[in-house]
Amino acid sequence: MSFEEVSNAPTTQTEDSGAPEQPQTQQATEPSAPSEQPHIEQPAEPSPIAEQPHIEQASEPSSQPAASTAAAAPRSEKEPSMEDFATALETFEQEQAQTEAALNEEQIVTGTVLKVTAQYVVVDIGYKSEGVVQVAEFTDSEGNVTVKRGDEIAVMREPGHTEEGYIHLSHQKAQRLHAWDEIEKAYTDKASVKARVIDRIKGGLTVDILGAHAFLPGSQVDLRPVRNLDGLKGQEIEVRIIKLNKKRGNIVASRKQLLEEEQSEKRTKTLDQLHEDGILTGTVKNLTDYGAFVDLGGIDGLLHITDMSWGRLTHPRDLVQVGDQIQVKVLKFDREKQRVSLGFKQLTPDPWLDAAERYPIGAHVHGRVISVTDYGAFVELEQGIEGLVHVSEMTWSKRMKHPSKLVNVNDQVEAVVLNVNPQERRISLGLKQLESNPWESLHEKFPVGAVVEGKVRNLTDFGAFIEIEDGIDGLVHVSNLSWTKRVKHPSEVLKKGDKVKAIVLAIEPDQRRLSLGVKQLQPDVWDTFFEQHHVGDVIHGKVLRLASFGAFVEIADGIEGLCHNSEAADPQGQPIKLESGQEFEFKVIKMNPAEKKVGLSIRAVGGVEATRRDVEAYKAPAATSSGTGSTIGEFMSWKRASNENN
């Protein structure tokens with residue numbers, strides 16, 4: 001409603017002042033309705049909260065004339081004139097216009113939250129109409145609204161109105177505008193700002209800096225590549241603005257730069273204090289198969305796995321974890337290359353220094369099996385002290401194939417100390433020494449010559465092993481299996497699992513050896529042969545096999561003799577070619593009972609027959625002989641030559 005419409009109503013009331021009192025009252029009240037209506041219509045757009053002050057201002061001018069007419073004329077001098085009302089209305093409209101103009105200029109204004117609905121947050125910004133902000137701008141990740149009635153918030157106007165006439169406002173826009181000022185200042189001063197990680201995107205992270213979204217590249221998140229960027233969601237971190245484009249709204253941040261500067265400061269301070277044999281406190285930064293990297297304050301040192309413990313470690317994680325704070329000793333420091341070698345076990349005395357005194361030979365000790373190998377088991381006696389129980393020291397039996405058949409990892413065992421070598425950091429242990437040695441009493445149980453019975457456990461190329469009692473195996477050599485057969489492999493006579501009898505031939509307790517014989521259960525055919533035959537006897541034989549130096553001839557069951565090549569000749573001295581299977585008459589020319597050897601000759605058999613014929617011919621009458629017959633001297637010379645050849 002214009003100023004002219006408002007001023008015409010009271011003018012009509014003044015002209016009708018002479019009318020009766022009741023009509024005047026009615027006439028005076030009539031203009032008040034139209035005077036109130038314009039003021040109600042103008043502020044009706046925002047909300048009823050802003051209407052009440054305007055209604056009171058508009059009703060006072062209209063009601064004052066009515067009251068003066070009914071009461072007395074003299075008091076009309078103190079009533080405000082229509083010109084004053086018009087001036088007040090004009091001033092109010094100018095102020096509202098200025099407010100609206102200010103909002104159109106995208107400036108930040110501060111408003112008060114009036115109420116919160118399901119869709120909007122209603123805000124009083126001092127204008128004739130309230131404004132509304134989408135409630136989503138105040139909703140956190142869990143769906144909770146972060147503002148309440150009475151809170152003061154910064155907002156900026158957005159284009160348009162709602163259907164109810166509320167002004168569209170934005171809190172985030174005001175935050176961004178305010179944030180840009182702060183961000184520009186931080187960018188210029190190269191100062192750090194706080195940022196909250198919102199989400200992971202391609203190539204990095206989206207972070208919130210004072211309400212403005214910025215990009216944090218993955219390469220700028222930490223000093224080393226971060227594999228799990230999702231783990232940073234919701235965290236608040238310090239960053240530095242490294243790129244800014246307000247026109248495009250681009251912000252690029254870096255956390256790595258701040259960390260590098262912080263690390264550089266720590267490194268300088270640490271290097272001043274770093275020296276060999278020094279003891280420092282650091283944080284485990286990374287674990288590898290060969291050790292752990294420890295942050296000493298701007299500089300990393302390597303704690304090798306061999307310097308972690310005096311005992312055995314399969315992996316560094318068995319002792320430390322990433323993030324652990326530990327004390328370490330500086331073993332070596334290369335200032336030029338800035339390489340630091342650290343030690344953890346060096347903080348405690350070497351347990352091997354007095355190991356010989358604490359673990360004397362013969363002492364009974366207890367420990368835990370920490371490793372089982374093909375050649376034995378390692379037993380931890382204390383932290384840093386381990387002993388080896390060799391597989392040969394586990395049991396008196398030789399049949400154990402693997403140590404795992406007797407012990408397992410984490411078993412608690414008792415052992416006997418066999419040897420201690422502190423220089424090589426070795427302790428030899430034994431388990432079988434806890435029991436009596438069955439070999440020491442073997443002479444009493446099984447004296448030499450005793451007949452024993454056992455089971456064939458194993459066959460080899462050189463003989464058969466027979467178990468005569470638990471843990472005691474004896475060897476029957478292949479040569480002691482038969483008197484008569486030439487056995488090449490024990491499987492020709494025995495089978496694994498057979499029960500056999502044998503005679504104890506020899507016992508060596510120190511070497512844990514027991515010699516047995518099977519053929520000794522029967523009489524020795526060689527003894528019988530040597531008793532029945534002598535050198536010079538002619539016997540029948542069969543060629544069994546040939547050799548380069550002669551032939552082996554079977555002259556009795558299980559008895560062989562050798563006919564040398566020089567003895568294989570006919571009576572005329574011509575060599576005879578021997579072949580397997582041929583049978584001849586042989587003369588025994590040599591006997592050796594100790595070595596069980598017999599020498600044979602075919603030529604000697606022919607020589608005997610020739611001598612007999614020569615004697616008979618010599619005895620014949622002289623008349624039968626020719627004039628050129630042999631004399632007795634010639635015969636004796638031939639006889640000597642024959643004996644020399646034999």
With a 4.5 Å limit on heavy-atom distance, are the side chains of Asn408 and Val369 in contact? no
Considering all heavy atoms, the nearest Ala253-Leu216 contact: O-CD1, 3.2 Å
Residue of the set Thr112, Leu169, Thr110 for which side chain to side chain contact (heavy atoms under 4.5 Å, CB included) holds with Ile125: Leu169
Do Tyr359 and Glu382 get their side chains close enough for a donor-acceptor pair, meaning under 3.5 Å? yes
Phe215 vs Asn250, test: side-chain contact (heavy atoms from CB on, under 4.5 Å). Steps then yes/no. CA-CA 8 Å; Phe215 175 60; Asn250 292 337; over 6 Å; no
Closest contact, heavy atoms only, His168 versus Pro159: CD2-O, 3.6 Å
For residues 224-233, dump all side-chain donor-acceptor pairs below 3.5 Å to protein atoms at least two apart in sequence or in another chain.
| residue | atom | partner | partner atom | Å |
| --- | --- | --- | --- | --- |
| Arg224 | NH2 | Asp300 | OD2 | 3.1 |
| Asn228 | OD1 | Asp230 | N | 3.4 |
| Lys233 | NZ | Asp199 | OD1 | 3.3 |

Taking all non-hydrogen atoms of both residues into account, name the closest pair between Ile305 and Asp289 and its distance. CD1-O, 4.1 Å
For Glu262, is there an ion pair with Lys266 - N to carboxylate O distance below 4.0 angstrom? yes
For Phe293 and Thr288, which heavy atoms make the closest approach, and how far apart are they? CE1-CG2, 4.1 Å
Phe138 and Ile153: CA distance, side-chain angles, deciding distance, side-chain contact (heavy atoms from CB on, under 4.5 Å) verdict: CA-CA 11 Å; Phe138 300 98; Ile153 58 174; 3.6 Å; yes
Could you tell me whether the side chain of Trp352 and the main chain of Glu424 form a donor-acceptor pair under 3.5 Å? no
Taking it one step at a time, do Tyr166 and His161 satisfy side-chain contact (heavy atoms from CB on, under 4.5 Å)? CA-CA 5 Å; Tyr166 293 99; His161 296 73; over 6 Å; no
Sidechain-backbone polar pair: Thr206 side chain, Ile198 backbone, donor-acceptor under 3.5 Å: no
Which of Val294, Val284, Leu319 passes side chain to side chain contact (heavy atoms under 4.5 Å, CB included) with Asp324? It is Val284
All heavy atoms of Lys329 vs all of Leu347, minimum pair found to be CB-CD2, 3.9 Å
side-chain contact (heavy atoms from CB on, under 4.5 Å) between Gln327 and Ile279: does it pass, once the steps are laid out? CA-CA 7 Å; Gln327 270 195 337; Ile279 298 177; 4.2 Å; yes
Closest heavy-atom contact between Pro351 and Arg358? O-NH2, 2.6 Å
Less than 3.5 Å apart, which donor and acceptor atoms pair up between the side chains of residues 236-245 and the rest of the protein, not counting sequence neighbours?
| residue | atom | partner | partner atom | Å |
| --- | --- | --- | --- | --- |
| Glu238 | OE1 | Ser192 | OG | 3.2 |
| Arg240 | NE | Lys190 | O | 3.3 |
| Arg240 | NH1 | Glu261 | OE2 | 2.6 |
| Arg240 | NH2 | Lys190 | O | 3.4 |
| Arg240 | NH2 | Glu261 | OE1 | 3.1 |
| Arg240 | NH2 | Glu261 | OE2 | 3.4 |
| Asn245 | OD1 | Lys247 | N | 3.2 |
| Asn245 | OD1 | Arg248 | N | 3.1 |

